[in-house]
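Have a look at the structure below, then the notes.
Convention: sequence-line order gives letters A, B, ...; per-chain numbering from 1.
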Number of protein chains: 2
Amino acid sequence: MPRRCGKGPRWFCGELRGCGRRLTEAREIVLGVVDKSDEHLSAEDVFRAVRRVNRGIGLTTVYRTLDLLVNMNLLSRCDFGDGRARYERIRGTKEDHHHHHLVCTECKKVVNYRDFIEEEIELLGKTEKALSRKFNFTIRDHLIQFYGLCDKCRQRD
Amino acid sequence: MPRRCGKGPRWFCGELRGCGRRLTEAREIVLGVVDKSDEHLSAEDVFRAVRRVNRGIGLTTVYRTLDLLVNMNLLSRCDFGDGRARYERIRGTKEDHHHHHLVCTECKKVVNYRDFIEEEIELLGKTEKALSRKFNFTIRDHLIQFYGLCDKCRQRD
DNA sequence: GGTTTTAATGAAAATGATTTTCAATAAGAA
DNA sequence: TTCTTATTGAAAATCATTTTCATTAAAACC
Ligand SMILES: [Mn+2]
Ligand SMILES: [Mn+2]
Ligand SMILES: [Zn+2]
Ligand SMILES: [Zn+2]
(Lines give C-alpha, C1' and ligand atoms only; values in the text may rest on other atoms or scores of the structure.)
(Ligands and ions follow the chains in the order given, each with its own letter.)
Protein backbone atom coordinates (compact mmCIF):
# COMPACT_ATOMS: atom_id res chain seq x y z
CA MET A 1 0.00 0.00 0.00
CA PRO A 2 1.64 3.28 -1.13
CA ARG A 3 2.05 5.71 1.72
CA ARG A 4 -0.32 8.68 1.61
CA CYS A 5 1.43 11.57 -0.06
CA GLY A 6 2.12 13.85 2.90
CA LYS A 7 1.41 17.39 1.71
CA GLY A 8 -0.28 19.16 -1.08
CA PRO A 9 -3.40 18.47 -3.11
CA ARG A 10 -3.82 14.89 -4.29
CA TRP A 11 -4.26 15.74 -7.94
CA PHE A 12 -0.95 17.62 -8.05
CA CYS A 13 0.85 14.82 -6.26
CA GLY A 14 -0.72 12.38 -8.72
CA GLU A 15 0.20 14.37 -11.80
CA LEU A 16 3.79 14.50 -10.63
CA ARG A 17 4.01 10.84 -9.73
CA GLY A 18 2.51 10.06 -13.09
CA CYS A 19 5.71 11.18 -14.76
CA GLY A 20 8.12 9.92 -12.13
CA ARG A 21 8.36 13.26 -10.36
CA ARG A 22 8.32 14.10 -6.66
CA LEU A 23 6.11 16.47 -4.75
CA THR A 24 8.27 18.97 -2.92
CA GLU A 25 7.58 22.02 -0.83
CA ALA A 26 9.13 24.28 -3.46
CA ARG A 27 6.77 22.97 -6.14
CA GLU A 28 3.76 23.41 -3.92
CA ILE A 29 4.67 26.93 -2.96
CA VAL A 30 5.50 28.05 -6.49
CA LEU A 31 2.23 26.68 -7.85
CA GLY A 32 0.36 28.28 -4.96
CA VAL A 33 1.95 31.66 -5.55
CA VAL A 34 1.15 31.80 -9.26
CA ASP A 35 -2.29 30.35 -8.65
CA LYS A 36 -3.25 32.98 -6.11
CA SER A 37 -2.08 35.89 -8.22
CA ASP A 38 -4.06 37.37 -11.06
CA GLU A 39 -1.00 39.20 -12.38
CA HIS A 40 1.51 38.13 -14.97
CA LEU A 41 4.46 37.30 -12.74
CA SER A 42 8.14 37.24 -13.64
CA ALA A 43 10.43 34.57 -12.19
CA GLU A 44 11.79 37.22 -9.85
CA ASP A 45 8.26 38.16 -8.76
CA VAL A 46 7.54 34.52 -8.00
CA PHE A 47 10.87 34.20 -6.18
CA ARG A 48 10.07 37.15 -3.90
CA ALA A 49 6.62 35.75 -3.07
CA VAL A 50 8.02 32.27 -2.50
CA ARG A 51 10.64 33.60 -0.10
CA ARG A 52 7.93 35.10 2.06
CA VAL A 53 6.68 31.56 2.67
CA ASN A 54 10.02 29.77 2.87
CA ARG A 55 13.27 31.72 2.98
CA GLY A 56 15.35 28.69 1.99
CA ILE A 57 14.10 28.23 -1.57
CA GLY A 58 16.51 29.43 -4.25
CA LEU A 59 15.94 31.33 -7.47
CA THR A 60 17.30 28.40 -9.47
CA THR A 61 14.60 26.15 -8.10
CA VAL A 62 11.96 28.71 -8.94
CA TYR A 63 13.16 28.77 -12.55
CA ARG A 64 13.24 25.00 -12.69
CA THR A 65 9.81 24.68 -11.16
CA LEU A 66 8.23 27.25 -13.46
CA ASP A 67 9.64 25.31 -16.39
CA LEU A 68 8.20 22.11 -15.05
CA LEU A 69 4.78 23.61 -14.47
CA VAL A 70 4.70 25.05 -17.97
CA ASN A 71 5.57 21.63 -19.38
CA MET A 72 2.83 20.10 -17.24
CA ASN A 73 0.45 22.61 -18.81
CA LEU A 74 -0.47 24.12 -15.46
CA LEU A 75 1.12 27.48 -16.26
CA SER A 76 1.55 29.43 -19.45
CA ARG A 77 4.67 31.41 -20.19
CA CYS A 78 4.07 34.86 -21.75
CA ASP A 79 6.41 37.23 -23.51
CA PHE A 80 5.43 40.89 -23.44
CA GLY A 81 8.68 42.08 -24.93
CA ASP A 82 10.30 43.44 -21.79
CA GLY A 83 13.08 40.87 -21.82
CA ARG A 84 11.77 38.59 -19.11
CA ALA A 85 9.31 35.73 -19.21
CA ARG A 86 6.06 36.02 -17.33
CA TYR A 87 3.81 33.29 -15.99
CA GLU A 88 0.12 32.87 -15.31
CA ARG A 89 -2.02 29.99 -14.24
CA ILE A 90 -4.02 28.13 -16.89
CA ARG A 91 -7.42 27.64 -15.28
CA GLY A 92 -9.85 24.84 -16.09
CA THR A 93 -10.15 23.57 -19.63
CA LYS A 94 -7.86 24.95 -22.29
CA GLU A 95 -10.73 26.61 -24.18
CA ASP A 96 -12.42 27.65 -20.96
CA HIS A 97 -10.47 30.62 -19.73
CA HIS A 98 -8.63 31.31 -22.95
CA HIS A 99 -7.83 35.00 -23.28
CA HIS A 100 -5.55 37.34 -25.16
CA HIS A 101 -3.45 40.29 -24.09
CA LEU A 102 -3.42 44.03 -24.46
CA VAL A 103 -0.02 45.50 -23.57
CA CYS A 104 0.82 49.13 -22.81
CA THR A 105 4.15 49.78 -24.49
CA GLU A 106 4.81 52.64 -22.11
CA CYS A 107 4.20 51.34 -18.57
CA LYS A 108 4.09 47.64 -19.53
CA LYS A 109 0.66 47.18 -17.98
CA VAL A 110 -1.05 44.04 -19.31
CA VAL A 111 -4.80 43.51 -19.60
CA ASN A 112 -6.51 40.19 -20.27
CA TYR A 113 -9.47 40.34 -22.62
CA ARG A 114 -11.97 37.90 -24.04
CA ASP A 115 -13.89 40.20 -26.37
CA PHE A 116 -14.08 38.74 -29.85
CA ILE A 117 -12.37 35.60 -28.65
CA GLU A 118 -15.01 33.60 -30.50
CA GLU A 119 -14.28 35.43 -33.69
CA GLU A 120 -10.57 35.02 -33.14
CA ILE A 121 -11.05 31.29 -32.60
CA GLU A 122 -13.11 31.11 -35.76
CA LEU A 123 -10.40 32.94 -37.67
CA LEU A 124 -7.85 30.63 -36.13
CA GLY A 125 -9.77 27.62 -37.45
CA LYS A 126 -10.01 29.07 -40.93
CA THR A 127 -6.35 30.05 -40.97
CA GLU A 128 -5.27 26.74 -39.58
CA LYS A 129 -7.06 24.89 -42.36
CA ALA A 130 -5.70 27.12 -45.11
CA LEU A 131 -2.14 27.25 -43.84
CA SER A 132 -2.13 23.56 -43.13
CA ARG A 133 -2.98 22.87 -46.75
CA LYS A 134 -0.82 25.58 -48.28
CA PHE A 135 2.37 25.16 -46.25
CA ASN A 136 1.91 21.66 -44.82
CA PHE A 137 2.04 22.97 -41.29
CA THR A 138 0.29 21.45 -38.30
CA ILE A 139 -0.79 24.37 -36.15
CA ARG A 140 -0.57 23.76 -32.44
CA ASP A 141 -0.80 27.22 -30.90
CA HIS A 142 -1.26 30.89 -31.64
CA LEU A 143 -0.27 34.22 -30.19
CA ILE A 144 -2.48 37.29 -30.51
CA GLN A 145 -1.45 40.44 -28.72
CA PHE A 146 -2.36 44.08 -29.09
CA TYR A 147 0.05 46.85 -28.21
CA GLY A 148 -0.81 50.41 -27.41
CA LEU A 149 -1.10 53.07 -24.75
CA CYS A 150 -3.15 52.72 -21.60
CA ASP A 151 -5.37 55.50 -20.33
CA LYS A 152 -2.75 57.06 -18.07
CA CYS A 153 0.13 56.85 -20.51
CA ARG A 154 -1.94 58.34 -23.31
CA GLN A 155 -2.69 61.42 -21.21
CA ARG A 156 0.84 61.74 -19.92
CA ASP A 157 2.18 62.21 -23.49
CA MET B 1 25.34 75.07 -50.93
CA PRO B 2 25.51 71.80 -49.02
CA ARG B 3 27.98 69.38 -50.50
CA ARG B 4 26.40 66.48 -52.41
CA CYS B 5 26.08 63.47 -50.16
CA GLY B 6 28.75 61.14 -51.53
CA LYS B 7 27.35 57.65 -51.39
CA GLY B 8 24.08 55.85 -51.00
CA PRO B 9 20.57 56.55 -52.20
CA ARG B 10 19.38 60.12 -51.82
CA TRP B 11 16.21 59.23 -49.91
CA PHE B 12 18.17 57.38 -47.23
CA CYS B 13 20.66 60.19 -46.89
CA GLY B 14 17.75 62.60 -46.66
CA GLU B 15 15.88 60.60 -44.04
CA LEU B 16 19.00 60.50 -41.91
CA ARG B 17 19.83 64.16 -42.30
CA GLY B 18 16.23 64.90 -41.44
CA CYS B 19 16.87 63.77 -37.87
CA GLY B 20 20.42 65.06 -37.55
CA ARG B 21 22.02 61.75 -38.44
CA ARG B 22 24.94 60.95 -40.72
CA LEU B 23 25.10 58.59 -43.66
CA THR B 24 27.88 56.07 -43.09
CA GLU B 25 29.11 53.02 -44.92
CA ALA B 26 27.99 50.76 -42.07
CA ARG B 27 24.43 52.05 -42.30
CA GLU B 28 24.33 51.62 -46.04
CA ILE B 29 25.68 48.09 -45.91
CA VAL B 30 23.39 46.95 -43.08
CA LEU B 31 20.31 48.30 -44.84
CA GLY B 32 21.45 46.70 -48.09
CA VAL B 33 21.99 43.32 -46.46
CA VAL B 34 18.56 43.16 -44.81
CA ASP B 35 16.93 44.60 -47.92
CA LYS B 36 18.37 41.96 -50.23
CA SER B 37 17.45 39.06 -47.99
CA ASP B 38 13.98 37.57 -47.81
CA GLU B 39 14.83 35.74 -44.58
CA HIS B 40 14.30 36.81 -41.00
CA LEU B 41 17.87 37.66 -40.04
CA SER B 42 19.38 37.75 -36.57
CA ALA B 43 21.91 40.44 -35.66
CA GLU B 44 24.61 37.80 -36.00
CA ASP B 45 23.33 36.85 -39.48
CA VAL B 46 23.47 40.48 -40.52
CA PHE B 47 26.93 40.82 -39.01
CA ARG B 48 28.26 37.87 -41.03
CA ALA B 49 26.82 39.25 -44.26
CA VAL B 50 28.11 42.75 -43.51
CA ARG B 51 31.62 41.44 -42.90
CA ARG B 52 31.68 39.92 -46.38
CA VAL B 53 31.39 43.46 -47.74
CA ASN B 54 33.55 45.29 -45.21
CA ARG B 55 35.64 43.34 -42.72
CA GLY B 56 36.12 46.37 -40.49
CA ILE B 57 32.53 46.84 -39.28
CA GLY B 58 31.90 45.64 -35.73
CA LEU B 59 29.01 43.73 -34.22
CA THR B 60 28.24 46.65 -31.91
CA THR B 61 27.66 48.90 -34.90
CA VAL B 62 25.40 46.32 -36.46
CA TYR B 63 23.28 46.24 -33.30
CA ARG B 64 23.20 50.03 -33.16
CA THR B 65 22.30 50.34 -36.82
CA LEU B 66 19.54 47.74 -36.65
CA ASP B 67 18.06 49.69 -33.75
CA LEU B 68 18.23 52.90 -35.72
CA LEU B 69 16.60 51.36 -38.79
CA VAL B 70 13.79 49.91 -36.69
CA ASN B 71 13.19 53.34 -35.17
CA MET B 72 13.20 54.86 -38.65
CA ASN B 73 10.52 52.33 -39.56
CA LEU B 74 12.61 50.81 -42.33
CA LEU B 75 12.98 47.45 -40.59
CA SER B 76 10.73 45.49 -38.28
CA ARG B 77 12.04 43.54 -35.35
CA CYS B 78 10.48 40.09 -34.85
CA ASP B 79 10.52 37.73 -31.92
CA PHE B 80 10.02 34.08 -32.71
CA GLY B 81 10.82 32.90 -29.22
CA ASP B 82 14.30 31.55 -29.85
CA GLY B 83 15.95 34.14 -27.63
CA ARG B 84 17.28 36.42 -30.32
CA ALA B 85 15.67 39.26 -32.26
CA ARG B 86 15.18 38.95 -35.98
CA TYR B 87 14.86 41.66 -38.58
CA GLU B 88 13.15 42.06 -41.91
CA ARG B 89 12.65 44.94 -44.29
CA ILE B 90 9.34 46.77 -44.26
CA ARG B 91 8.52 47.22 -47.92
CA GLY B 92 6.35 49.98 -49.35
CA THR B 93 3.36 51.22 -47.43
CA LYS B 94 2.67 49.83 -44.00
CA GLU B 95 -0.55 48.13 -45.08
CA ASP B 96 0.96 47.12 -48.39
CA HIS B 97 3.14 44.14 -47.58
CA HIS B 98 1.72 43.47 -44.16
CA HIS B 99 1.99 39.79 -43.30
CA HIS B 100 1.93 37.46 -40.34
CA HIS B 101 4.09 34.53 -39.33
CA LEU B 102 3.87 30.80 -39.06
CA VAL B 103 6.67 29.38 -36.90
CA CYS B 104 7.84 25.77 -36.67
CA THR B 105 8.56 25.15 -33.00
CA GLU B 106 10.88 22.29 -33.89
CA CYS B 107 13.29 23.62 -36.55
CA LYS B 108 12.42 27.32 -36.09
CA LYS B 109 11.52 27.73 -39.75
CA VAL B 110 9.39 30.84 -40.33
CA VAL B 111 6.86 31.33 -43.12
CA ASN B 112 5.24 34.62 -44.09
CA TYR B 113 1.57 34.42 -44.97
CA ARG B 114 -1.08 36.84 -46.10
CA ASP B 115 -4.10 34.52 -46.16
CA PHE B 116 -7.00 35.95 -44.20
CA ILE B 117 -5.04 39.12 -43.59
CA GLU B 118 -8.13 41.09 -44.58
CA GLU B 119 -10.21 39.26 -42.03
CA GLU B 120 -7.51 39.72 -39.43
CA ILE B 121 -7.44 43.44 -40.17
CA GLU B 122 -11.20 43.58 -39.87
CA LEU B 123 -11.02 41.76 -36.55
CA LEU B 124 -8.29 44.15 -35.47
CA GLY B 125 -10.57 47.09 -36.21
CA LYS B 126 -13.43 45.60 -34.25
CA THR B 127 -11.22 44.69 -31.34
CA GLU B 128 -9.52 48.04 -31.35
CA LYS B 129 -12.86 49.79 -31.06
CA ALA B 130 -14.15 47.55 -28.30
CA LEU B 131 -10.95 47.49 -26.26
CA SER B 132 -10.47 51.18 -26.72
CA ARG B 133 -13.86 51.79 -25.15
CA LYS B 134 -13.68 49.09 -22.49
CA PHE B 135 -10.12 49.59 -21.25
CA ASN B 136 -9.34 53.09 -22.52
CA PHE B 137 -6.45 51.80 -24.57
CA THR B 138 -5.18 53.32 -27.80
CA ILE B 139 -4.10 50.39 -29.95
CA ARG B 140 -1.04 51.03 -32.05
CA ASP B 141 0.10 47.60 -33.16
CA HIS B 142 -0.70 43.92 -33.04
CA LEU B 143 1.11 40.62 -33.14
CA ILE B 144 -0.44 37.52 -34.65
CA GLN B 145 1.65 34.40 -34.91
CA PHE B 146 0.85 30.73 -35.35
CA TYR B 147 3.07 28.00 -33.98
CA GLY B 148 3.23 24.42 -35.12
CA LEU B 149 5.19 21.78 -36.95
CA CYS B 150 6.41 22.11 -40.49
CA ASP B 151 6.10 19.30 -42.99
CA LYS B 152 9.51 17.78 -42.31
CA CYS B 153 9.35 18.05 -38.52
CA ARG B 154 5.89 16.49 -38.42
CA GLN B 155 7.12 13.41 -40.28
CA ARG B 156 10.32 13.15 -38.27
CA ASP B 157 8.35 12.68 -35.02
C1' DG C 1 40.67 73.06 -50.53
C1' DG C 2 41.27 73.22 -45.02
C1' DT C 3 39.29 73.55 -40.13
C1' DT C 4 36.00 72.46 -36.65
C1' DT C 5 32.29 70.12 -34.41
C1' DT C 6 30.43 66.17 -32.70
C1' DA C 7 27.95 61.89 -34.35
C1' DA C 8 29.54 57.36 -35.22
C1' DT C 9 32.58 53.68 -34.44
C1' DG C 10 35.20 49.33 -32.54
C1' DA C 11 37.06 46.80 -28.75
C1' DA C 12 36.50 45.46 -24.42
C1' DA C 13 33.88 45.34 -20.38
C1' DA C 14 29.36 45.20 -18.34
C1' DT C 15 24.64 43.66 -18.01
C1' DG C 16 20.94 40.72 -16.83
C1' DA C 17 17.91 36.91 -17.52
C1' DT C 18 18.35 32.25 -17.66
C1' DT C 19 21.01 27.76 -17.50
C1' DT C 20 24.48 24.56 -16.03
C1' DT C 21 27.41 22.25 -12.69
C1' DC C 22 28.07 19.67 -8.73
C1' DA C 23 28.07 18.18 -4.15
C1' DA C 24 24.56 17.81 -0.54
C1' DT C 25 19.76 16.74 0.59
C1' DA C 26 15.41 14.53 0.94
C1' DA C 27 11.10 12.09 -1.52
C1' DG C 28 9.25 7.93 -1.69
C1' DA C 29 9.68 2.86 -2.82
C1' DA C 30 10.75 -1.32 -0.44
C1' DT D 1 14.45 2.06 8.55
C1' DT D 2 17.24 1.74 4.40
C1' DC D 3 18.23 2.70 -0.26
C1' DT D 4 17.87 4.89 -4.69
C1' DT D 5 18.01 8.86 -7.22
C1' DA D 6 15.22 13.12 -8.15
C1' DT D 7 15.66 17.58 -6.33
C1' DT D 8 17.98 21.30 -4.39
C1' DG D 9 21.03 25.76 -3.53
C1' DA D 10 25.14 28.25 -4.48
C1' DA D 11 28.28 29.54 -7.57
C1' DA D 12 29.84 29.68 -12.12
C1' DA D 13 28.68 29.78 -16.91
C1' DT D 14 26.02 31.32 -21.00
C1' DC D 15 24.70 34.37 -24.32
C1' DA D 16 22.25 38.14 -26.58
C1' DT D 17 22.48 42.77 -26.05
C1' DT D 18 24.17 47.24 -24.02
C1' DT D 19 27.45 50.44 -22.16
C1' DT D 20 31.89 52.73 -21.89
C1' DC D 21 35.40 55.30 -23.73
C1' DA D 22 39.05 56.68 -26.57
C1' DT D 23 39.47 57.18 -31.65
C1' DT D 24 37.68 58.20 -36.29
C1' DA D 25 35.33 60.52 -39.79
C1' DA D 26 30.67 62.99 -41.61
C1' DA D 27 29.40 67.20 -42.90
C1' DA D 28 28.76 72.08 -41.58
C1' DC D 29 31.44 76.13 -42.05
C1' DC D 30 35.13 78.60 -43.47
MN1 LIG E 1 -3.14 36.80 -19.17
MN1 LIG F 1 8.14 38.08 -42.12
ZN1 LIG G 1 0.62 52.55 -19.68
ZN1 LIG H 1 10.26 22.40 -38.69
Q. How is A:R64 classified with respect to the nucleic acid when contacts are heavy atoms under 4.0 Å: base, sugar-phosphate, or nothing?
A. base
(Q) By nearest heavy atom, map B:G56 and B:G20 onto DNA chain C; which one lands nearer the 5' end? (A) B:G20
(Q) In whole Å, I'd like the distance from the CD1 atom of A:I57 to the C1' atom of C:dT25. (A) 14 Å
Q | Closest to the B:R17 side chain, choosing from D:dA27, C:dA17, D:dT18 | A | D:dA27
**Q.** Contact under 4.0 Å: A:Y63 side-chain N or O vs C:dT18 OP1/OP2
**A.** yes
Q) Which whole-number value in Å describes the distance from B:L16 CG to C:dA8 P? A) 8 Å
Q: For A:R21 and for B:T60, find the nucleotide of DNA chain D with the closest heavy atom, then tell me which residue's nucleotide is more 5'.
A: A:R21
Q: Check whether more than 12 heavy atoms from other residues, nucleotides or ligands sit under 6.0 Å from atom NZ of B:K129, and answer yes or no.
A: no
Q: Would you kindly give the CG-to-P distance between B:L66 and C:dT9, to the nearest whole Å?
A: 12 Å
**Q.** Integer-rounded Å distance: C:dT18 C1' and A:F47 CZ
**A.** 14 Å
Q. For the pair made of CG in A:L68 and P in C:dT19, what is the distance, rounded to whole Å?
A. 13 Å
Q) Quick one: B:N71 CG to C:dA8 P, roughly how many Å, whole number? A) 13 Å
Q) Is the distance from OP1 or OP2 of C:dA26 to the nearest side-chain N or O of A:T24 less than 4.0 Å? A) no
Q: Test salt bridge (Lys or Arg N to Asp or Glu O under 4.0 Å) on B:R48 and B:D45 and set out the steps.
A: CA-CA 5 Å; B:R48 274 195 294 272; B:D45 290 335; 2.8 Å; yes
Q. Which word best sums up how the rings of A:H100 and A:H142 line up, parallel for under 30°, tilted for 30 to 60°, or perpendicular for over 60°?
A. perpendicular
(Q) In the structure I gave you, are the side-chain heavy atoms of B:T65 and B:I29 within less than 4.5 Å of one another anywhere? (A) no
**Q.** Value in whole Å for how far the P atom of D:dT24 lies from CD of B:E25
**A.** 17 Å
(Q) Main chain of B:C104, side chain of A:R140: is a donor-acceptor contact present, judged purely on distance under 3.5 Å? (A) no
Q) Rounded to the nearest Å, what distance is computed from the CD atom of residue A:E28 to the P atom of nucleotide C:dA27? A) 11 Å
**Q.** Base of D:dA6 paired with side chain of A:R22 (donor-acceptor, under 3.5 Å)
**A.** yes
Q: Check whether any side-chain N or O of A:R27 sits under 4.0 Å from OP1 or OP2 of C:dA27, and answer yes or no.
A: no
